Amino acid sequence: MSNMLVQRPTTRASAPKPQSILIVGCGIAGPVLASLLLRSPGPASSLPHITILERNPSFISSGQNIDIRGIGKQIIRLLDLEDEIKRSTTGEEGVQFVDENNRCWAEFAVDKSGKVETGTSDVEILRGRLAQIFLDKAERLSKDVQDRGGKGVEFIFEDSLESLHQDEGKAHVQLANGGERSFDLVVGADGLHSRTRKLAFGNEAEGCLKKLHMFAAFLSMPKEDEDGEWRSWFHAPGGVSIMLRPSGTKEKSTVLILLADKSGIIADQLAGSERSIPAQKKLVMSKLNRIGWQEQRLTKAVEAADDFYFDVTAQVNLAKWSHGRVVLLGDAGQVYLT
Ligand SMILES: Cc1cc2nc3c(=O)[nH]c(=O)nc-3n(C[C@H](O)[C@H](O)[C@H](O)COP(=O)(O)OP(=O)(O)OC[C@H]3O[C@@H](n4cnc5c(N)ncnc54)[C@H](O)[C@@H]3O)c2cc1C
């Protein structure tokens, strides 16, 4: 018998095609998801083809202090970003509750070991800096995947979802500037007022935003010596609560103004001009009237702020976070505060 090998026809299973994934929103959640997907095991050519769509010309660098806790810490560790993020923290020493004379009545120091969570986390960072770090990471990973023969991430700025429909094969989206595209999966990471949620969930999403009877204004202002590195938290009569916080820089302090609105008066006052910054500023300045603590300074700061951000605090209440080929992520799906 010949010992020649008999070549049998093989039925090699073809590798599954990489998934195409559209992530709507280049805020915090969008770039984090892209990075996690690009770290999936397997050859670069098998990794998903990711498109990130952001309606602004670039990522939004505004926003003030964000505390990273719990699962957030696990994620930054997973992305090897813990050291970089810890080098960029605001350095807040803790929280002091103050009265109109700036007298401290109670204080809670941060636990810098991170073992005990207090009002101040050991990882406090400005939102814009965090967004930049996550975007840089996604870009680095994308470049690495492309160098290894994969597709990486396609970034589309200054465009947004116009419409969305899905069939058994794909989710089809119409972009405002960029024509029609089809994807295996669409991820709505487009924040509290998610358009993806509205388009994909339709009537189901109607009324899913449970307002928590509170509005929040975020801004920064020039730092003064007495601001220090502690958060000062002042409660004024009439449901106004103000936090003055370090930013991690010598130049500015950050401010969070919370306005309680149990009666719905603020919502009524803003009706029709919810997205108008001059109207929002006017309302906040009226609430600062006669609060008795840093009044003039805060009023001027609100008027002058070019990083003023104002929104309702709300919670998204949906029975599920996915609808066919569309899934919600971050504030678009579940949020307790703005
Ligand atoms: C300007 C801003 C400032 C903030 N400041 C603070 C703060 O100081 N402290 C705090 O705790 N939280 C703040 N937040 C909220 C905080 O970022 C989120 O709670 C959290 O980080 C979850 O992020 P996210 O990615 O789900 O949503 P977001 O951070 O809101 O990001 C959503 C992204 O989607 C984009 N987007 C929205 N609609 C569309 C669309 N139709 N098409 C394409 N892109 C779209 C937005 O421009 C944004 O880049 C802020 C959010 C914003 C947008």
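Because only heavy atoms are used, hydrogens play no part in the values below, and waters and symmetry mates are left out as well, while side chains stay in. The structure presented is a predicted model; accordingly, all values stated were derived computationally and were not measured. Order of listing sets the numbers, starting from 1, for every ligand and every atom in it.
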If the test is side chain to side chain donor-acceptor pair (under 3.5 Å), which one of Glu229, Gln64, Glu92 qualifies with Arg245? Glu92
Does a side chain donor of either Asp167 or His172 reach within less than 3.5 Å of an acceptor in the other side chain? yes
Inspect the surroundings of NZ in Lys151 and state if more than 12 heavy atoms from other residues, nucleotides or ligands are less than 6.0 Å away. no
Report yes if some N/O of Glu54 lies less than 3.5 Å from some N/O of ligand 1; otherwise report no. yes
Atom NZ of Lys282: over 12 foreign heavy atoms under 6.0 Å: no
Just to check, does Thr254 reach to within less than 4.0 Å of ligand 1 when the distance is taken from its heavy atoms? no
Using a plain distance cutoff, I'd like to know if Asp159 has any nitrogen or oxygen under 3.5 Å from a nitrogen or oxygen of ligand 1. no
Among Glu158, Gln334, Arg127, Arg195, which one has a heavy atom closest to atom 28 (P) of ligand 1? Arg127
Check each of Gly27, Pro31, Gly63 against atom 31 (O) of ligand 1 and report the one with the nearest heavy atom. Gly27
For Phe108 and Phe97, take the angle between the two ring planes, folded into 0 to 90°, and tell me which bin it lands in: parallel under 30, tilted 30 to 60, perpendicular over 60. perpendicular
Short N/O distance, under 3.5 Å, between Ile66 and ligand 1? no
Output yes when the distance from some N or O of ligand 1 to some N or O of Ile28 is under 3.5 Å, and no in every other case. yes
